[in-house]
Participant: 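My structure is below; once you've seen it, I'll send some questions.
As the structure lists them, so they are numbered: ligands from 1, and atoms in each ligand from 1. Numbers here simply count residues along the sequence, with the first being 1.
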Amino acid sequence: MSIELKNVSYTYMPGTPMERQALMGVNMTLERGRFYAIAGHTGSGKSTLIQQISGLLTPTSGEVLVEGVPLKAKSKEDKRQAALARRRIGMVFQYPEQQLFEETVAADVAFGPKNQGLAEEEIAQRVQKALALVELDYEAYGDKSPFQLSGGQKRRAAIAGVLAMEPEYLILDEPTAGLDPKGREAILELISTLQKGGRVSD
Ligand SMILES: Nc1ncnc2c1ncn2[C@@H]1O[C@H](COP(=O)(O)OP(=O)(O)OP(=O)(O)O)[C@@H](O)[C@H]1O
Ligand SMILES: [Mg+2]
């Protein structure tokens, strides 16, 4: 039960004057249910690394395996398996609140599960559960516009949108960036609570 990176290298815009090698032979194993923090100075490749794991970028060389399934696939069946494996991973981008766009908080959180083709009832349940996980009261905030929330609440709503897809692994890119010390602490506490729960979906 793990995500494995095997000798992963990544070069942006290879063969152009803008060529830039961002990752060089990265090997790591991320066990399910554990908490990992990646630290490094600006431009060191943290965002590039997590985008390999979420399947948004494909390694220039090397491979990423999610529970044994390679994300880089050639045959139709392998591609299907890779798509299923990718679904196990929830990705929260830096400043995710900038991507809130629905009219209400509840609709925004429902967006992912809707895309997964779930039934209305299941979607409603997941929205309630995800908002409860991030401690945004459904009654108080569900019908509000995301723009009526504070910065920290917006981030929680955005994280709820990813949690509602019930990923088994959760990857967050600089989840505390731009928040005040209290907001930071609250987000870190939330992540710790999610991690203690074992599966993100539990
Ligand atoms: N789309 C891109 N095109 C070309 N080069 C890029 C691109 N994105 C990132 N890079 C380069 O790849 C390297 C790693 O960038 P990355 O964004 O992964 O770093 P980071 O550790 O996440 O930095 P930060 O802490 O500032 O978010 C940097 O040198 C950056 O300039
Ligand atoms: Mg980054």
Side-chain angles (χ1 to χ4, degrees), residues 2-32 34-66 69-73 79 82-83 85-101 108 111-112 134 146 149-163 165 167-195 200:
S2 64
I3 296 174
E4 277 175 278
L5 278 80
K6 291 191 174 164
N7 212 13
V8 169
S9 297
Y10 189 78
T11 304
Y12 284 104
M13 295 187 273
T16 74
M18 305 284 286
E19 181 171 312
R20 168 85 211 194
Q21 181 159 27
L23 299 175
M24 215 183 295
V26 178
N27 287 291
M28 52 196 249
T29 303
L30 305 167
E31 302 288 346
R32 189 154 116 177
R34 294 198 60 180
F35 182 99
Y36 299 89
I38 299 169
H41 57 76
T42 180
S44 58
K46 305 179 295 291
S47 294
T48 307
L49 179 69
I50 62 180
Q51 287 178 71
Q52 311 290 325
I53 300 171
S54 64
L56 285 173
L57 294 176
T58 306
T60 310
S61 64
E63 63 174 347
V64 179
L65 304 167
V66 174
V69 178
L71 291 187
K72 203 174 183 173
K79 280 190 177 141
R86 243 182 255 130
R87 274 192 169 202
R88 295 167 177 260
I89 298 170
M91 172 89 185
V92 179
F93 292 99
Q94 195 168 347
Y95 299 112
E97 60 277 12
Q98 290 172 356
Q99 283 158 40
L100 296 169
F101 66 96
D108 223 299
F111 182 79
V134 300
L149 304 181
S150 73
Q153 288 171 332
K154 275 188 200 153
R155 186 150 312 167
R156 283 166 180 274
I159 293 173
V162 175
L163 295 178
M165 292 188 278
E168 292 163 29
Y169 297 88
L170 182 64
I171 303 174
L172 304 105
D173 196 355
E174 313 239 5
T176 60
L179 298 179
D180 62 22
K182 238 182 161 178
R184 267 184 207 182
E185 205 174 292
I187 289 286
L188 289 175
E189 215 164 90
L190 164 65
I191 296 167
S192 164
T193 307
L194 291 171
Q195 190 258 333
V200 168

Participant: Under 4.0 Å from a heavy atom of Met13: give me the atoms of ligand 1 that qualify, with their elements.
Facilitator: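 So the atoms of ligand 1 that pass are 3 (N), 4 (C).
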
Participant: Quick one, Leu163 and Ile159 - any side-chain contact, counting heavy atoms below 4.5 Å?
Facilitator: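 Contact flag for Leu163/Ile159 side chains = yes.
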
Participant: Any protein heavy atom sitting closer than 4.0 Å to atom 26 (O) of ligand 1?
Facilitator: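 Answer yes: something from the protein, a heavy atom, is under 4.0 Å.
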
Participant: Around atom 2 (C) of ligand 1, find the nearest protein heavy atom and jot down its residue, atom name and distance.
Facilitator: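 The answer is Tyr12 CD2, 3.4 Å.
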
Participant: Given that the side chain starts at C-beta and the backbone is N, CA, C, O, which of these parts of Glu174 lies under 4.0 Å from ligand 1, counting heavy atoms, or is it both or neither?
Facilitator: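 It is the side chain that touches ligand 1; the backbone stays farther off.
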
Participant: Out of Ser47, Gly45, Ala177, who is nearest to atom 22 (O) of ligand 1 when you count heavy atoms only?
Facilitator: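 The option holding the nearest heavy atom is Ser47.
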
Participant: Determine yes or no for a side-chain-to-main-chain donor-acceptor pair under 3.5 angstrom, with Tyr169 supplying the side chain and Ser2 the backbone.
Facilitator: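 Confirmed, Tyr169 side chain pairs with Ser2 backbone.
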
Participant: Which option wins on minimum heavy-atom distance to atom 13 (C) of ligand 1: Gly40, Gly43, Ala39, Ser44?
Facilitator: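 Result: the heavy atom closest to atom 13 (C) of ligand 1 is in Gly43.
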
Participant: Can you report which non-hydrogen protein atom sits closest to atom 30 (C) of ligand 1, along with the distance?
Facilitator: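 Residue, atom and distance for the closest contact: Arg20 CG, 4.7 Å.
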
Participant: Side chains of Tyr12 and Thr48: donor-acceptor distance under 3.5 Å anywhere?
Facilitator: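 Yes, Thr48 and Tyr12 have a side-chain donor paired with an acceptor closer than 3.5 Å.
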
Participant: CD/Glu174 to CD1/Ile38 distance, rounded to the nearest 0.5 angstrom?
Facilitator: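 Rounded to the nearest 0.5 Å, the CD-CD1 separation comes to 10.5 Å.
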
Participant: Examine ligand 1 and decide if any of its atoms is less than 4.0 Å from a heavy atom belonging to His41.
Facilitator: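 Under 4.0 Å: yes for His41.
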
Participant: Can you spot which of Arg86, Arg87, Arg88 makes a salt bridge (Lys or Arg N to Asp or Glu O under 4.0 Å) with Glu168?
Facilitator: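 Answer after filtering Arg86, Arg87, Arg88: Arg88.
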
Participant: Does Ile89 reach the side chain of Ile171, with side-chain heavy atoms less than 4.5 Å apart?
Facilitator: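 Side-chain contact under 4.5 Å: yes.
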
Participant: The Mg ion (ligand 2) to Ser47: any N/O/S contact under 2.8 Å?
Facilitator: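 Ser47 does place an N, O or S atom closer than 2.8 Å to the Mg ion (ligand 2).
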
Participant: How about Met28: does its CE atom have over 12 heavy atoms from other parts shown lying under 6.0 Å from it?
Facilitator: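 It does: Met28 CE has more than 12 such atoms within range.
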
Participant: To which protein heavy atom is atom 15 (O) of ligand 1 closest, and what is the distance rounded to 0.1 Å?
Facilitator: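 Result: Thr48 OG1, 3.7 Å.
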
